[in-house]
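Remarks on the structure that follows.
All chains are named by letter (A, B, ...) in the order of the sequence lines, taking the proteins before the strands, and each is independently numbered beginning at 1.
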2 protein chains.
Amino acid sequence: MKTDSKPHVRTRRDHSTETAEDYVEAVLQVIDSRGACRVVDLAKRFGVSHVTVTKTVSRLQAAGYLTSEPYGPIILTRKGRRVANESMKRHQIVLEFLLALGIGRSVAEVDAEGMEHHVSQETLSKFEAFVAGRKGDG
Amino acid sequence: MKTDSKPHVRTRRDHSTETAEDYVEAVLQVIDSRGACRVVDLAKRFGVSHVTVTKTVSRLQAAGYLTSEPYGPIILTRKGRRVANESMKRHQIVLEFLLALGIGRSVAEVDAEGMEHHVSQETLSKFEAFVAGRKGDG
DNA sequence: CCAAAATTGTAGCCATGGCTACAATTGATA
DNA sequence: TATCAATTGTAGCCATGGCTACAATTTTGG
Ligand SMILES: [Mn+2]
Ligand SMILES: [Mn+2]
Ligand SMILES: [Mn+2]
Ligand SMILES: [Mn+2]
């Protein structure tokens, strides 16, 4: 797990994996709700042009997260599915934590999307414990 | 405050202001502890080459956050000091929140460096309230 | 005061992630 | 089925933020 003593170095590393995590997560969710994932779906979701999505998808394909043929749908590889599931789980924990803290849902959803990539395993565990604790209360 | 319904759009905006915030904050702290801030100080702090710092400093100068003459020290403008103070305050709140949650100092410092840029005002307030609450306890 | 070390600047490269404009393909429907 | 709409691809642009290599300047020690 390499405990980077330099905070900014870790933050930069977090950012370098952020796109892959958000994309595979989105692909999984779109497939789950529409049957197949297309470039337009991701463009709408992320609020970017379809060109940006196409280029990113091609990078992620080269990196082994997904596959796609010309004019075809976007499909996750085994690796892509693994990362998507891990990311979704972590996203969920962060979101539930913010909700448990009493933050409004729409704000919590926005904050979680950015925060999720910077939460260490230790912090994630504390978040989980906190949520579990609030469930027990009244 | 514009409540971006699209999480990823907000996250991208957070990232677009991140460098300026981290730099002015660092400049303020270096000045405070060494009397003056130089390119090397920032390069060490951020774990990047002096070239990266030079280029970024020149961008931030163009954007009005700081000034610097050739081979001279880096000085914050009024705007730079304002942003630095705000950023330091927010950073401190996030850090103290993580510590109050029971996270180890070194991990908390690393996580805070990334998280701080994605915390909305509402969430920041809840963080503050949580820390204040734990202070009262035993 | 001068040489070596440290610092800073400059040139030029790369990857990521944005965009517009336009072309090609596919899908829907009249 | 022929056309129009939607989707996807491609070309080419930009800004940010990394880097190495080398040049210039400043600082420091003897
Ligand atoms: Mn995200
Ligand atoms: Mn997410
Ligand atoms: Mn930061
Ligand atoms: Mn971030």
Between A/R105 and A/E109, does at least one N-O distance fall below 4.0 Å, as a salt bridge requires?
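Here A/R105 pairs with A/E109 in a salt bridge, since their nearest N and O are under 4.0 Å apart.
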
Charged N to carboxylate O under 4.0 angstrom, A/E86 versus A/R82?
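Yes, A/E86 and A/R82 are salt-bridged.
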
By nearest nucleotide on DNA chain C, pick out whichever of A/G47 and A/P70 is the more 5' one.
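Result: A/G47.
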
Between A/C37 and A/L42, is the side-chain contact (heavy atoms from CB on, under 4.5 Å) condition met? List the steps.
CA-CA 8 Å; A/C37 181; A/L42 299 180; 3.8 Å; yes

Under the salt bridge (Lys or Arg N to Asp or Glu O under 4.0 Å) test, which residues partner A/R78, sequence neighbours left out?
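Once residues adjacent in sequence are excluded, A/R78 has no partner under the salt bridge (Lys or Arg N to Asp or Glu O under 4.0 Å) criterion.
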
Looking across every strand, which nucleic acid part, if any, lies under 4.0 Å from B/S16 by heavy atom: base, sugar-phosphate, or nothing?
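Here B/S16 touches no strand at all.
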
Sugar-phosphate, base or nothing in reach of A/T56, heavy atoms under 4.0 Å:
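Nothing: the residue A/T56, judged by heavy atoms under 4.0 Å, touches no strand.
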
A/K79 charged N/C atom sitting above A/Y65 aromatic ring, 6.0 Å / 45°:
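Ring-cation test returns yes.
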
Give the first and the last nucleotide of DNA chain D, reading 5' to 3', that has any atom under 4.0 Å from a heavy atom of chain B.
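Listed 5' to 3', the contact boundaries are D/dT16 to D/dT26.
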
Between A/R10 and A/D14, is any pair of side-chain heavy atoms under 4.5 Å apart?
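Yes, at least one pair of side-chain atoms sits under 4.5 Å.
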
Contact nearer the 5' end of DNA chain D, comparing A/R12 with A/K55
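Final value for this comparison: A/K55.
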
Please check if any side-chain donor atom of B/H15 sits under 3.5 Å from a side-chain acceptor atom of B/H118, or the reverse.
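Present: a donor and an acceptor within the cut-off.
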
Look up atom NZ in A/K6 and atom NZ in B/K44, then write down how far apart they are to the nearest 0.5 Å.
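Interatomic distance, A/K6 NZ to B/K44 NZ, rounded to 0.5 Å: 9.0 Å.
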
Listed pairs, N/O of protein and of nucleotides 1-7 of chain C, under 3.5 Å:
none

